[in-house]
Amino acid sequence: MYLKRYLTSISKLVFISILVTSCTAAGFQEFQIYSQAYDAQYVQADLVLQAVGSAEKSLRASIEPRSNPNSYFEPDYAAYYVDGVEPPQTAAIRASLKVIKSYNDAMIALASGENAKALSARISSLTVNVSTAITAVTSMGASVASTAPAAGLASTLLKQLKYLPFVTEAAAVASRESFRRDLIKSAPTVRAMLTTLRNEGTPVMYELMRRASGKSPSKANPRGLPDPAAQKLLAGWVLLLDKTNLALKTAADAAETGSQINLDTLNQASVELAVLAEQIRAANVKDKK
């Protein structure tokens, strides 16, 4: 069953590649395939954050009797009480990922030749998402899951978000070319954000899920216990983050030069990302049965 779905997914990518190649300019189809591959891996990120958000709220519920014995209303913890609203730490990580996705969407739109009005909307969306992420990351301290590693993660992400060139220069963008230069100049910082989420973010997320499940180190068990389900979920996402980082680099290179070699490399990286996303999706479905 999983092999069939895998082959069907790859067949769709090949079909789209052939279809778009037959009716569009060079470079367009590579970025469209990359866009679909990126969206496929983004689904895994959503599954991870759903699990992290649930763990963060569960952790809050377990410690509230001790941290708030008189049951006062605490405004800073409002997000924990509303269904459908993500708690601070989870919201900050999602907001950071949304910046990366909107950056990616803007780069694809630019390479695909969107008109000036549509491109202007991309710029506005990107800058708004950066502003939202800065606010969310700054608020991570209000999380009950706040720890020294979590504070370090927030500090790193905050610096990266504020360093992005288009944050300060977007208002001065006067042409597609200036926007293209700003996007390309921002690529290393966006890739650094992916690396930060991989190296600093996933350990923080794992410990949060482990604490919520009662397996973190304690006086009774100084070493704690492993959480295999959380490990597997995060491991799949780490593999996708690595592939995504590589694919984003090839996309930025292709957007900068437009050379056929870079476009071919982007196409290969996109297919590999899509294949891995499908493999991990199938593994997750199998684990739930």
Side-chain angles (χ1 to χ4, degrees), residues 45 47-69 72 74-81 85-100 130-164 188-242 245:
L47 292 176
V48 170
L49 289 178
Q50 286 181 36
V52 172
S54 177
E56 190 175 349
K57 284 198 171 186
S58 176
L59 183 60
R60 168 63 185 170
S62 69
I63 70 173
E64 184 167 15
R66 301 192 303 274
S67 63
N68 186 17
Y72 294 126
E74 299 177 286
D76 287 344
Y77 291 157
Y80 289 103
Y81 301 109
V85 175
E86 289 185 323
Q89 187 164 298
T90 306
I93 295 172
R94 185 182 292 278
S96 299
L97 282 171
K98 195 170 182 180
V99 168
I100 298 170
V130 171
S131 179
T132 300
I134 289 174
T135 300
V137 171
T138 302
S139 301
M140 278 183 70
S143 169
V144 297
S146 184
T147 58
L153 170 64
S155 177
T156 303
L157 286 174
L158 199 57
K159 290 176 183 176
Q160 291 166 341
L161 286 164
K162 291 182 177 180
Y163 182 76
L164 288 169
T189 303
V190 174
R191 293 186 61 221
M193 288 178 64
L194 283 169
T195 300
T196 296
L197 290 170
R198 179 198 192 277
N199 294 342
E200 298 182 40
T202 53
V204 167
M205 296 158 76
Y206 175 71
E207 287 305 320
L208 195 158
M209 288 189 280
R210 196 160 70 134
R211 286 172 65 190
S213 65
K215 296 178 179 179
S216 58
S218 62
K219 290 182 179 179
N221 189 353
R223 294 186 176 181
L225 296 170
D227 188 333
Q231 285 178 331
K232 190 167 187 177
L233 183 66
L234 287 169
W237 191 43
V238 165
L239 294 177
L240 282 172
L241 284 173
D242 290 342
N245 207 329

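Numbering starts at 1 and runs along the sequence shown.
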Salt bridge (charged side-chain N to carboxylate O under 4.0 Å, His left out): pairs with one or both residues in residues 226-240, sequence neighbours excluded: Lys232-Asp287
side-chain contact (heavy atoms from CB on, under 4.5 Å) assessment of Leu157 paired with Leu197: CA-CA 8 Å; Leu157 286 174; Leu197 290 170; 4.2 Å; yes
Donor-acceptor pair, side chain of Ser54 and main chain of Ala51, under 3.5 angstrom: no
Ser96 side chain to Ala92 backbone, donor-acceptor under 3.5 Å: yes
Polar side chain donor-acceptor pair, Glu207 to Thr147, under 3.5 angstrom: no
Heavy-atom check, side chain of Lys215 versus side chain of Pro228, under 4.5 Å: yes
Lys98, NZ: over 12 other non-hydrogen atoms inside 6.0 angstrom: no
Arg94 side chain to Leu49 backbone, donor-acceptor under 3.5 Å: no
Pro88 versus Ala79, closest heavy-atom pair with distance: CD-CB, 4.3 Å
Nearest-0.5 Å distance, CD of residue Gln89 to CG of residue Leu208: 5.0 Å
Main-chain N/O of Arg191 paired with Asn245 side-chain donor or acceptor, under 3.5 Å: yes
Closest non-hydrogen atom pair, Gln160 against Ala192: NE2-O, 3.4 Å
Residues in side chain to side chain contact (heavy atoms under 4.5 Å, CB included) contact with Pro188, at least two apart in sequence or another chain: none
Inter-residue atom distance Leu241.CG - Ile100.CD1, 0.5 Å rounding: 8.0 Å
Residue pair Tyr80 / Glu86, side-chain heavy-atom distance below 4.5 Å: no
Check: Thr135 main-chain N/O paired with Ser139 side-chain donor or acceptor under 3.5 Å: yes
Heavy-atom side-chain proximity of Arg60 to Pro87 below 4.5 angstrom: no
Intermediate values then yes/no, side-chain contact (heavy atoms from CB on, under 4.5 Å), Leu153 and Met140: CA-CA 10 Å; Leu153 170 64; Met140 278 183 70; 4.3 Å; yes
Exercise: identify the closest heavy-atom pair between Leu233 and Leu47: CD2-O, 4.4 Å
Check: Thr90/Glu56 side-chain N/O donor and acceptor closer than 3.5 Å: yes
Where at least one partner belongs to residues 194-205, residue pairs that pass salt bridge (charged side-chain N to carboxylate O under 4.0 Å, His left out), sequence neighbours excluded: Arg198-Asp242
Candidate pair Met193 and Leu161, rule side-chain contact (heavy atoms from CB on, under 4.5 Å), full reasoning: CA-CA 8 Å; Met193 288 178 64; Leu161 286 164; 3.7 Å; yes
Tyr206 side chain to Arg211 side chain, donor-acceptor N/O pair below 3.5 angstrom: no
Test side-chain contact (heavy atoms from CB on, under 4.5 Å) applied to Val190 and Val99, step by step: CA-CA 9 Å; Val190 174; Val99 168; 5.9 Å; no
